[in-house]
Amino acid sequence: MIGLGTLGNIALVLLGSTIGILIKGGLKQRFQETILKAMGLAVMFIGISGALEGLLSIEGNKIVSRNIMLMVVSLAAGSFIGEAIDIETRLERVGEWLKRKLKVNKEKDKGFVEGFVNSSLLFCVGAMAIIGSLKDGLSADPSMLLAKGFIDGVVAIFFASTLGIGVFFSVIPVGIYQGGITLAAGFVEPYLSERLIGNLSFIGSVLIFAIGINMVTGKKVKTGNFLPSVLVPVVYEIILNLMK
């Protein structure tokens with residue numbers, strides 16, 4: 001069944017968030033802060049590992065760099081577009097709207113928007129979200145998204161235990177994003193290449209690293225405004241194909 005991967009992913013995030021929210025009540029503030037920074041470090045290294053796969057390759061007995069300019073152009077052009085649209089603020093407004101609709105009380109208010117924005121970005125930006133959704137749409141294979149769901153669910157436990165119920169509602173953008181890719185998979189299949197998928201994953205990993213920075217140091221980087229960066233490799237692929 002096409003779409004089962006996204007539904008399973010959503011269910012596992014909801015389960016993890018629920019467990020985290022239940023744990024949150026028994027954790028003192030200092031524990032919540034320490035766990036959040038620890039998760040931030042983990043997220044940073046997840047991003048670093050994915051970024052290095054795109055930046056480095058082995059040729060003979062040497063390690064050589066690649067895709068440096070693609071990274072620079074992607075981040076520069078993507079951040080310019082994202083800042084013009086101000087995606088980060090729009091995501092925060094969605095979080096604030098949800099908070100008002102849910103009538104979240106003052107005690108639960110702290111961290112709601114941060115939890116919603118950070119977890120939404122983290123669960124959507126990674127390579128598994130893109131590749132898993134494509135596999136789900138092209139061959140009705142939910143395995144990668146279900147594996148991602150288990151990882152997201154564990155992360156959601158710790159996110160929700162520190163940032164609260166906002167993490168629970170990250171399933172909305174996850175469902176829209178992954179579901180959209182799954183539905184569009186059949187249309188975009190002829191244009192996909194291993195290089196394009198690798199570059200999308202590579203730039204996405206750089207954004208994951210930026211999310212980790214925010215979790216460790218406080219909000220320093222408008223990661224949401226970097227989101228258009230993941231579209232630059234698509235333009236790059238089109239240019240390369242036209243030059244053949």
Original post:
Salt bridge or not for Glu59 and Lys62, using N-O below 4.0 Å?
Top reply: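 No, this pair does not count.
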Do [X] and [Y] share a hydrophobic cluster, counting only Ile, Leu, Val, Met, Phe, Trp and Tyr and linking them when any side-chain heavy atoms are less than 4.5 Å apart?
X	Y	result
Val171	Val154	yes
Leu15	Leu163	yes
Val188	Tyr177	yes

Subject >> Candidate pair Leu122 and Val155, rule side-chain contact (heavy atoms from CB on, under 4.5 Å), full reasoning >> reply: CA-CA 10 Å; Leu122 182 61; Val155 172; 3.9 Å; yes
**OP:** Write down the atom of Gly95, the atom of Phe112, and the distance for their closest heavy-atom approach.
**Re:**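 Shortest heavy-atom contact: O-CE2, 3.2 Å.
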**OP:** To the nearest 0.5 angstrom, please state how far the CZ atom of Phe116 sits from the NZ atom of Lys99.
**Re:**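 Answer rounded to 0.5 Å: 12.0 Å.
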**OP:** Could you tell me the separation between the CE atom of Met44 and the OG1 atom of Thr217, rounded to the nearest 0.5 Å?
**Re:**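 Going from the CE atom of Met44 to the OG1 atom of Thr217 covers 8.0 Å.
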Original post:
Do Asn118 and Asn214 get their side chains close enough for a donor-acceptor pair, meaning under 3.5 Å?
Top reply: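 Their side chains do not contain a donor-acceptor pair, so the 3.5 Å distance test is not met.
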Original post:
Regarding Ser139 and Asp141, is there a side-chain donor-to-acceptor distance under 3.5 Å anywhere?
Top reply: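 No, Asp141 and Ser139 have no side-chain donor paired with an acceptor closer than 3.5 Å.
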**OP:** Give the C-alpha distance, both sets of side-chain angles, the deciding distance and a yes or no for side-chain hydrogen bond (donor to acceptor under 3.5 Å, both in side chains) between Ser193 and Glu237.
**Re:** CA-CA 9 Å; Ser193 67; Glu237 187 71 16; 3.0 Å; yes
Original post:
More than 12 heavy atoms of other residues, nucleotides or ligands under 6.0 Å from CG of Leu242: is that the case?
Top reply: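 Yes.
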**OP:** Count the heavy atoms belonging to other residues, nucleotides or ligands that lie under 6.0 Å from CZ of Arg195, then report whether that count exceeds 12.
**Re:**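 More than 12 within 6.0 Å, yes.
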